2 protein chains.
Amino acid sequence: MRQKQSLAHTSLLVLSLLSRQDMYGYQMIATLEQRLDPAFSMKEGTLYPILRELENAGAVSCYEQEVSGRTRKYYHLTRKGRRQLAEEQEQWERYEHAINAVLHMA
Amino acid sequence: MRQKQSLAHTSLLVLSLLSRQDMYGYQMIATLEQRLDPAFSMKEGTLYPILRELENAGAVSCYEQEVSGRTRKYYHLTRKGRRQLAEEQEQWERYEHAINAVLHMA
DNA sequence: TTATATACATAGAGATACAAGGTATGAGAG
DNA sequence: CTCTCATACCTTGTATCTCTATGTATATAA
């Protein structure tokens with residue numbers, strides 16, 4: 001049985017979250033948990049590698065902050081990241097329309 | 001560099017096409033080529049394995065037809081396939097809304 | 001003191017889609 | 001007549017993607 005992939009367009013989601021405020025990993029997961037359908041929650045094994053890639057690509061920068069004993073690693077969207085967000089958002093919209101065009105074919 | 005996956009929800013597209021008329025593989029690809037953004041065109045290496053799985057799952061049945069020397073393998077959506085289409089369509093909508101909910105967060 | 005929540009991270013496995021290749025026929029160009 | 005292109009099928013291997021499972025460590029609540 002073919003198993004549906006629960007998530008795609010993951011970096012789009014991450015970039016989108018960071019476009020509003022700096023966030024740390026655990027917080028992103030919690031936020032998505034609320035916003036997203038629980039069926040599509042993002043897992044740690046998915047998020048952290050993406051954050052690393054975004055950082056290597058220069059789309060995000062990061063800094064650490066100690067809060068009551070625990071170290072949080074905050075991520076900040078760079079100008080380059082903003083461009084990437086715009087591109088991925090546009091691509092998502094094209095994707096969305098393409099699928100819907102087929103679904104609602106005459 | 002992370003490479004965007006160009007397609008997902010592939011079986012949804014196939015089932016959707018077949019809900020309107022019986023079709024053969026090459027025709028589906030050509031039809032999607034027109035309807036879909038060319039960037040998301042479905043490749044043969046993607047389609048044929050899916051058709052086989054759908055057949056194994058009993059979602060489609062198939063029959064051959066000879067047309068001017070060339071053999072076409074037509075696929076027909078079964079009742080079970082219709083149910084699967086309904087499910088996948090619903091899931092697509094939930095996915096779509098979930099992504100958009102994050103993108104358009106206040 | 002034990003469990004739960006917070007917070008990071010990685011390795012391995014399974015799923016997914018594509019590129020690249022193969023077979024074969026028909027039609028049109030030269 | 002031959003070569004190429006379009007039609008029509010299909011498979012193998014590779015790259016990529018996401019999750020599961022696991023690991024570390026601290027704070028807080030029971």
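Proteins get letters first, then strands, A, B, ... in listed order; numbering begins at 1 in each. Only a predicted model underlies this, so the values are computations on that prediction, with no experimental measurement involved. Basis for what follows: all heavy atoms, side chains included, without hydrogens, waters or symmetry-related copies.
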Tell me: NE2 of H9(A) to P of dA17(C), nearest whole Å?
-> 12 Å

Without swapping roles, check the side chain of K43(B) against the backbone of I29(B) for a donor-acceptor pair under 3.5 Å.
-> no

Whole-Å distance, Y48(A) OH to dT22(D) P, equals 19 Å

Determine the sole option in Y63(B), Y26(B), Y24(B) for which the side chain to side chain donor-acceptor pair (under 3.5 Å) test with R72(B) is passed.
-> Y24(B)

Over how many whole Å does the gap from R52(A) atom CZ to dA11(C) atom C1' extend?
-> 13 Å

Could you say whether Y74(B) or G45(A) is positioned toward the 5' end of DNA chain D, judged by the nucleotide with the nearest heavy atom to each?
-> Y74(B)

Residues S11(B) and E88(B): side-chain donor-acceptor under 3.5 angstrom | yes

Could you check how far OH of Y24(B) sits from C1' of dC10(D), rounded to whole Å?
-> 16 Å

Near DNA chain D, which residues from residues 64-72 of chain A have a heavy atom under 4.0 Å away?
-> S68(A), G69(A), R70(A)

Candidates dC19(D), dA17(C), dC8(C) - which lies nearest the side chain of K43(A) = dC19(D)

Round to the nearest Å and state the distance from E53(A) atom CD to dA9(C) atom C1'.
-> 15 Å

Ignoring hydrogens and geometry, is there a side-chain-to-backbone donor-acceptor pair from S16(B) to L13(B) under 3.5 Å?
-> no

Please confirm whether the backbone N or O of G58(B) pairs with a side-chain atom of T78(B), one donor and one acceptor, at under 3.5 Å?
-> yes

From CG of L51(B) across to P of dA8(D) the rounded distance in Å is 15 Å

Would you mind reading off the distance between E44(B) atom CD and dA20(C) atom C1', rounded to a whole angstrom?
-> 11 Å

Under 3.5 Å, side chain of R35(B) to main-chain N/O of L103(A), donor-acceptor pair present?
-> no

Can you figure out which of dC9(D), dT18(D), dA7(C) approaches the side chain of T10(A) most closely?
-> dT18(D)

Do T71(B) and K73(B) have side-chain N/O donor and acceptor atoms under 3.5 Å apart?
-> no

Rounded to whole Å, CE of M28(A) lies from C1' of dC8(C) at a distance of 12 Å

Among the nucleotides dC19(D), dC10(D), dA5(C), which one has an atom lying closest to any side-chain atom of T46(A)?
-> dC19(D)

Given dT7(D), dC10(D), dC8(C), the nucleotide with the shortest approach to the side chain of Y26(B) | dT7(D)

